[in-house]
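First the structure, which I've put down as structure tokens, then a few questions once you've had a look.
Indexing begins at 1, ligand by ligand and atom by atom, following the structure's order. The chain is numbered in sequence order, starting from 1.
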Amino acid sequence: MSLIVQKFGGSSVRDAQRIRNVAGIIAETYLEGNDVIVVLSAQGDTTDDLIAKAEEINPHASKREMDMLLSTGEQISVALCAMALEGMGLPCVSLAAWQVGIRSTGVHSDARIKRIDHERIQAELDQHRIVIVTGFQGVDRSGDVTTLGRGGSDTSAVALAAAFRAELCQIYTDVDGVYTTDPRIVPNARKLDEITYDEMLELASQGAQVLHNRSVELAKKFRVSLEVVSSLERKPGTKVKEVTKVEKTNIAGVAKDTSIARIALIGLQHNPGVAFQVFDLLSKHDINVDVILQSIGREDTKDITFTVHKKDLEEAEEILNTNKEALRFHHIEADEHIGKVSIVGAGLMSNCGVAAKMFEALYEAGINIQMINTSEIRVSVLLDEEDVNRAVKAIHAKFFDEI
Ligand code: ASP
Ligand code: MG
């Protein structure tokens with residue numbers, strides 16, 4: 001008998017019919033003789049609706065109270081799903097994360113799971129009950145509920161799979177797997193049979209929204225076998241694993257991210273310590289910086305250009321301007337209308353032709369590159385926001401349509 005963790009996303013439990021469908025999948029797995037731990041997200045748009053409700057009452061509500069509110073969405077799902085399974089005559093129990101003992105840090109709205117108590121879930125599994133747990137949340141040292149960040153239920157599922165050494169962690173969603181790019185932009189995007197943890201991690205952090213990126217980090221760390229599957233269609237999904245059979249010369253996928261903005265500090269002194277001062281200041285304000293470029297400007301000055309999340313742009317500009325005298329730059333240029341397109345592939349590092357092929361695709365499409373940034377298995381380019389979708393199409397065609 002094996003233990004399987006099954007996570008169902010918001011669209012998979014959207015309404016009564018979908019919950020019955022999910023109960024059917026769970027029942028099948030259980031009746032095949034497996035132990036099953038289920039993790040659920042809130043139904044449909046519930047989390048967004050709850051945020052809107054809070055804003056109506058107090059747009060500056062504390063993060064603690066927001067977590068109190070948002071964690072209720074998942075509680076509704078687990079109870080309803082348990083009722084559906086009860087209706088089918090199957091033994092089950094729904095549990096909120098605090099009842100299980102999913103211990104988390106106290107950072108409201110962005111907590112991390114620290115450890116998971118075994119007693120309660122194990123006792124239920126020993127009674128042959130299907131255990132249905134609220135995703136997206138934990139309980140901190142003072143007993144307060146904290147949430148794990150949007151999309152965090154994937155992470156709850158992988159953490160449970162790791163804690164209970166599950167044979168498999170299945171992430172059920174409304175698409176049938178991980179695609180080479182967003183099928184809404186490129187209709188002939190292909191479903192991948194498998195992808196490595198590292199590739200998935202890069203894709204998830206470069207804007208592909210299939211999996212919460214911390215869930216992939218955890219899966220890699222604890223070697224959890226992960227599978228992304230459709231809850232609506234019966235067909236094989238995408239397996240996320242350590243190594244795959246993909247040809248080394250090709251890439252796993254193309255991702256885009258339009259949630260970034262670019263800041264350029266023009267006319268900085270060309271002295272040691274300047275970059276340190278700038279980025280130390282931003283990091284002290286919890287502003288994450290992504291792509292960085294330094295170039296020589298006029299008359300012995302230099303320019304430093306970097307990207308931040310759009311939501312941090314205003315604050316970053318404010319902080320830099322407040323410290324203008326200490327940093328001694330001439331002026332700031334900011335651009336909100338940029339985007340990033342990335343290719344990801346495990347074979348990229350050992351094959352420099354891959355990056356050239358990407359640049360060729362952009363050249364042929366007449367798209368100008370503003371900045372380039374790479375990791376071992378990724379090449380990202382910064383572009384005008386309006387070129388982003390065209391770039392994704394051109395690059396995808398170059399790698400997947402040409403022979
Ligand atoms: N319900 C939460 C959200 O909408 C968590 C999740 O779905 O994973 O972000
Ligand atoms: Mg999700």
Side-chain angles (χ1 to χ4, degrees), residues 5-15 18-19 22 37-55 63 65-81 94-98 100 102 104 107-113 132-139 145-161 169-179 182-184 195 200-201 203-219 224 226-232 237-238 240 255 257 259 311:
V5 173
Q6 300 186 312
K7 180 258 170 179
F8 297 90
S11 57
S12 302
V13 292
R14 189 176 68 192
D15 50 30
R18 291 268 170 106
I19 288 186
V22 160
I37 300 177
V38 177
V39 175
L40 299 182
S41 293
Q43 291 187 281
D45 297 328
T46 302
T47 309
D48 290 327
D49 295 345
L50 290 171
I51 292 173
K53 256 191 189 136
E55 258 157 24
K63 288 188 169 172
E65 297 310 330
M66 284 306 287
D67 278 357
M68 259 326 256
L69 181 68
L70 299 193
S71 60
T72 62
E74 276 68 16
Q75 199 167 325
I76 295 174
S77 301
V78 294
L80 292 175
C81 181
S94 68
L95 296 170
W98 62 266
V100 170
I102 297 186
S104 60
V107 187
H108 286 291
S109 83
D110 196 21
R112 310 226 158 192
I113 296 177
I132 311 160
V133 183
T134 54
F136 176 57
Q137 53 202 271
V139 58
V145 174
T146 59
T147 63
L148 310 178
R150 297 304 305 270
S153 298
D154 298 338
T155 299
S156 310
V158 174
L160 281 160
C169 179
Q170 295 180 310
I171 307 286
Y172 283 88
T173 169
D174 55 359
V175 292
D176 57 356
V178 182
Y179 276 71
D182 187 341
R184 284 167 303 186
I195 184 169
M200 192 63 242
L201 206 52
L203 283 179
S205 49
Q206 296 304 318
Q209 290 179 339
V210 229
L211 287 173
H212 196 230
N213 59 356
R214 269 207 324 279
S215 72
V216 189
E217 267 170 32
L218 271 187
V224 173
L226 199 59
E227 192 183 7
V228 180
V229 263
S230 165
S231 63
L232 307 173
T238 301
V240 190
D257 183 0
S259 67
K311 71 171 177 13

Worksheet item: Could you state the interatomic distance from CD1 (Ile76) to CG (Leu40), rounded to the nearest 0.5 Å?
Response: 12.0 Å
Discussion item. Under a 4.0 angstrom heavy-atom cut-off, which atoms of ligand 1 come close to Ser41?
Written reply: 6 (C), 7 (O), 8 (O)
Practice prompt. Select one of side chain, backbone, both or neither to describe which atoms of His212 lie under 4.0 Å from any atom of ligand 1, heavy atoms only.
Written response: neither
Worksheet item: Between OG1 of Thr155 and CD of Gln137, what distance do you get to the nearest 0.5 Å?
Response: 13.0 Å
Worksheet item: Considering only heavy atoms from C-beta outward, does the side chain of Val216 approach that of Leu203 to under 4.5 Å?
Response: no
Response to the item:
If you scan protein heavy atoms around atom 4 (O) of ligand 1, the nearest is Arg150 NH2, 2.9 Å
Discussion item. Which heavy atom of Ser153 sits nearest to which heavy atom of Glu74, and what is that distance?
Written reply: OG-OE2, 3.9 Å
Worksheet item: Does some non-hydrogen atom of Gly152 fall short of 4.0 Å from ligand 1?
Response: yes
Practice prompt. State if Gly151 counts as touching ligand 1 under the rule of any non-hydrogen atom under 4.0 Å.
Written response: yes
Discussion item. Within the 4.0 Å heavy-atom shell around Glu74, which atoms of ligand 1 are there?
Written reply: 1 (N), 2 (C), 5 (C)
Donor-acceptor pairs under 3.5 Å, side chain of residues 47-55 to any protein atom, not counting sequence neighbours: which ones?
{"from": "Asp48", "atom 1": "OD1", "to": "Arg150", "atom 2": "NH1", "distance (Å)": "3.1"}
{"from": "Asp48", "atom 1": "OD1", "to": "Arg150", "atom 2": "NH2", "distance (Å)": "3.2"}

Worksheet item: Polar-atom distance check: Lys7 versus ligand 1, any N or O pair below 3.5 Å?
Response: no
Practice prompt. For residues Val210 and Met200, determine if any side-chain heavy atom of one lies less than 4.5 Å from a side-chain heavy atom of the other.
Written response: yes
Worksheet item: For atom 6 (C) of ligand 1, which protein heavy atom lies nearest, and how many Å away is it?
Response: Ser153 OG, 3.3 Å
Discussion item. For ligand 1, which is the ligand I care about here, please tell me if Asp154 has any N or O atom under 3.5 Å from one of the ligand's N or O atoms.
Written reply: no
Worksheet entry | Val38 vs Val22 side-chain heavy atoms within contact, under 4.5 Å | no
Worksheet item: With only distance considered, is Gly149 within less than 3.5 Å of ligand 1 through an N or O on each side?
Response: no
